[in-house]
Visitor: 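The following block contains the structure, expressed as C-alpha cells.
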Amino acid sequence: MKTLLIVEDDRSLNKGIALSLTQNGLRIEQAYTLAMAEQIVAETRIDLILLDINLPDGSGLDYCERLRRTSQVPVIFLTANDMEPDIVTGFALGGDDYITKPFSLMVLRARVLAVLKRTAPQPDEVLTFGPLSLDFGKLEFYKHKEPLAFSKTELKLLNILVSNPGNVLSREQLIDKIWSQDAEFVDENALTVAVKRLRSKIEDDPASPQYIKTVYGLGYMWTERPHL
C-alpha cells in the first residue's frame with residue numbers, strides 16, 4: 001500500500017483531501033506544519049507528498065529544496081499562488097506537479113495517481129543499472145550478463161532499495177520491511193551483514209559502493225535510477 005503525506009495547514013481541506021484519497025487504497029499521513037512533516041518523513045516511508053507552499057512555520061518551496069538533498073520522493077505542490085514565476089520555481093526546486101487552489105478533488109485524485117504510476121517501477125519491468133539487469137517479476141538477475149543469486153533476505157533488501165531510488169531509508173525502516181513481524185527480535189547486525197553481502201554481489205568495488213550508499217547516522221540509499 002502506498003503512503004501519501006498531506007502537508008496543509010487548512011485542517012478542513014486537509015481532512016477533505018485525506019477522505020477523498022483514502023478511497024483509492026492509499027494510506028494517509030497528515031501534517032499541518034513543516035515541523036510535523038519533517039518528523040513524519042523521518043519516521044515513515046512516504047511515497048508521495050502533497051505540499052502546501054504557505055505554511056505557518058515556513059515555505060513549502062524551501063522544504064522541497066531541502067528534501068531534494070536526500071530524497072527523490074514525488075512532491076505535488078498545493079497553493080493559491082497561480083502566477084507563472086511561482087509555478088516555474090516549484091518545478092525548478094524539484095516539484096513533480098503543481099496544483100492551484102481552488103481545485104477539484106477528482107482532478108487532484110487523478111493527478112496523484114498519475115504521479116504514483118509514473119514514478120513506481122512496474123513489477124514486470126526489467127530494471128537496468130549499468131551492468132546490472134534486475135527482473136523481479138521473473139526473478140532473473142544479471143551482472144555483466146552473468147547470473148546473480150540472492151538469498152531471500154538479500155532479495156527483499158534489494159527490492160526495497162531499488163523501489164526507492166534517491167530516498168534515504170533508515171535502518172529501522174529496512175529491518176521492519178525485511179523481517180516484518182519479527183523485526184523487534186532481529187539483531188541490527190543482521191542488516192549490516194545483508195548490506196555487505198548484497199554489495200559483494202552487485203558492486204564492482206564493495207569498499208566504494210556505487211549503488212548502495214551509507215548515509216551515516218540515517219541509513220542507506222539506492223543512488224541510481226534505472227536506464228530507459
Visitor: Could you check if a side-chain atom of E172 sits within less than 4.5 angstrom of a side-chain atom of D176, using non-hydrogen atoms only?
Guide: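 No. Closest side-chain heavy atoms not under 4.5 Å.
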
Visitor: Find out if a path of hydrophobic residues (ILVMFWY) with successive side-chain heavy-atom gaps under 4.5 Å connects L127 to L169.
Guide: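 Same cluster: L127 reaches L169 through Ile, Leu, Val, Met, Phe, Trp or Tyr contacts under 4.5 Å.
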
Visitor: Determine whether I6 and V73 fall in the same hydrophobic cluster, where Ile, Leu, Val, Met, Phe, Trp and Tyr are linked whenever their side-chain heavy atoms lie under 4.5 Å apart.
Guide: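 No, separate clusters.
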
Visitor: If you take all heavy atoms of A31 and A37, which pair is closest and at what distance?
Guide: CB-N, 3.7 Å

Visitor: Verify, without hydrogens or angle tests, whether D57 (side chain) and A35 (backbone) share a donor-acceptor contact under 3.5 angstrom.
Guide: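 Flag set: sc D57 to bb A35 pair under 3.5 Å.
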
Visitor: What I'd like to find out is whether the side chain of T44 reaches to under 4.5 Å of the side chain of R27, using heavy atoms alone.
Guide: yes

Visitor: Side-chain contact test, heavy atoms from C-beta onward, threshold under 4.5 Å: evaluate it for N54 versus N81 and give yes or no.
Guide: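 Touching, per the 4.5 Å side-chain cut-off.
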
Visitor: How close do V115 and I76 get, heavy atom to heavy atom, and via which atoms?
Guide: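 That closest heavy-atom pairing would be CG2-CD1, 3.9 Å.
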
Visitor: Compare all side-chain heavy atoms of D10 with those of N14 and state whether any distance is below 4.5 angstrom.
Guide: no

Visitor: Write down the atom of F150, the atom of L155, and the distance for their closest heavy-atom approach.
Guide: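 That would be CB-N, 4.1 Å.
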
Visitor: Are any side-chain N or O atoms of S133 and backbone N or O atoms of V126, one a donor and one an acceptor, separated by less than 3.5 Å?
Guide: no

Visitor: Would you sort out whether I87 and F77 count as a side chain to side chain contact (heavy atoms under 4.5 Å, CB included), showing the intermediate values?
Guide: CA-CA 9 Å; I87 298 173; F77 287 112; over 6 Å; no

Visitor: Does V75 reach the side chain of Y63, with side-chain heavy atoms less than 4.5 Å apart?
Guide: no

Visitor: Salt-bridge test for K117 and D96: reply yes if a basic N is under 4.0 Å from a carboxylate O, no otherwise.
Guide: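 Here K117 does not pair with D96 in a salt bridge, since their nearest N and O are not under 4.0 Å apart.
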
Visitor: Within the distance-only criterion (no hydrogens, no angle test), does the side chain of N164 pair as donor or acceptor with the backbone N or O of N167 below 3.5 angstrom?
Guide: no

Visitor: Quick check against the 3.5 Å criterion: does S71 have a side-chain atom that pairs as donor or acceptor with the backbone of L67?
Guide: no

Visitor: Nearest 0.5 Å, what's the CE-OG1 distance between M83 and T89?
Guide: 11.5 Å

Visitor: Do you know which of L132, I202, L148 makes side chain to side chain contact (heavy atoms under 4.5 Å, CB included) with F141?
Guide: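 Going through L132, I202, L148 one by one, the side chain to side chain contact (heavy atoms under 4.5 Å, CB included) with F141 is satisfied by L148 alone.
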
Visitor: I need the L51 CG to S59 OG distance, nearest 0.5 Å.
Guide: 8.0 Å

Visitor: Count the heavy atoms of every other residue, nucleotide or ligand shown that sit under 6.0 Å from CZ of R109, and state whether that count exceeds 12.
Guide: yes

Visitor: Go through it in stages, so that I can follow the logic: the residues are I17 and L105, the test is side chain to side chain contact (heavy atoms under 4.5 Å, CB included), and I'd like the CA-CA distance, side-chain angles, deciding distance and then a yes or no.
Guide: CA-CA 7 Å; I17 294 172; L105 287 176; 4.0 Å; yes

Visitor: Would a hydrophobic clustering, with Ile, Leu, Val, Met, Phe, Trp and Tyr connected at side-chain separations under 4.5 Å, put L61 with L78?
Guide: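 No: no chain of side-chain contacts under 4.5 Å links L61 to L78.
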
Visitor: How long is the span from the NZ atom in K101 to the CG atom in D52, to the nearest 0.5 Å?
Guide: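 Answer for the NZ-CG pair, K101 versus D52, is 3.5 Å.
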
Visitor: If you apply the rule side chain to side chain contact (heavy atoms under 4.5 Å, CB included), what do you find for L50 with E8, and how did you get there?
Guide: CA-CA 8 Å; L50 288 176; E8 167 62 63; over 6 Å; no

Visitor: With a 4.5 Å cut-off on side-chain heavy atoms, are M36 and V7 touching?
Guide: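 No, side chains not in contact.
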
Visitor: Please evaluate residues F103 and L13 with respect to the criterion side chain to side chain contact (heavy atoms under 4.5 Å, CB included), reporting the C-alpha separation (whole Å), side-chain torsions for both, the decisive distance (0.1 Å), and the verdict.
Guide: CA-CA 11 Å; F103 51 79; L13 178 57; 4.1 Å; yes

Visitor: Under the side-chain contact (heavy atoms from CB on, under 4.5 Å) rule, collect the residues that match up with R199, sequence neighbours excluded.
Guide: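 side-chain contact (heavy atoms from CB on, under 4.5 Å) list for R199, sorted by chain: V195, E203, P206, P209, I212, T214, Y220.
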
Visitor: In Å, rounded to the nearest 0.5 Å, how long is the span from CG of L157 to CG of L191?
Guide: 6.5 Å

Visitor: Do the non-hydrogen side-chain atoms of D86 and Y98 ever get within less than 4.5 Å of each other?
Guide: yes

Visitor: Please find the pair of heavy atoms, one from Y211 and one from P131, that lie closest to each other, and give the distance.
Guide: OH-CD, 3.5 Å

Visitor: For the residue pair V168 and G219, what are the closest heavy atoms and their distance?
Guide: CG1-N, 4.2 Å

Visitor: Any chain of hydrophobic side-chain contacts (each under 4.5 Å) joining I175 to I178?
Guide: yes

Visitor: Using modelled atom types and a 3.5 Å cut-off, is there a donor and acceptor pairing between side-chain atoms of K201 and backbone atoms of A149?
Guide: yes

Visitor: Considering residues at least two apart in sequence or located in another chain, which fulfil the salt bridge (charged side-chain N to carboxylate O under 4.0 Å, His left out) criterion with K213?
Guide: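 For K213, no residue satisfies salt bridge (charged side-chain N to carboxylate O under 4.0 Å, His left out) once neighbours in sequence are set aside.
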
Visitor: Of L5, L4, V41, which meets side chain to side chain contact (heavy atoms under 4.5 Å, CB included) against E29?
Guide: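 That would be L5; it is the only one of L5, L4, V41 passing the side chain to side chain contact (heavy atoms under 4.5 Å, CB included) with E29.
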
Visitor: Closest approach of C64 and G94, non-hydrogen atoms and distance?
Guide: SG-C, 4.0 Å

Visitor: I need the R225 CZ to Q72 CD distance, nearest 0.5 Å.
Guide: 5.5 Å

Visitor: Calculate, to the nearest 0.5 Å, the distance between atoms CZ and CD1 belonging to R111 and I99 respectively.
Guide: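 Here the interatomic distance stands at 4.5 Å.
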
Visitor: Can you confirm whether S20 sits close enough to L108 that some side-chain heavy atom of one is under 4.5 Å from a side-chain heavy atom of the other?
Guide: no

Visitor: Please say yes or no: joined through hydrophobic side-chain contacts below 4.5 Å, possibly via intermediate residues, are L161 and L139 part of one cluster?
Guide: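 Linked, L161 and L139 end up in one cluster.
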
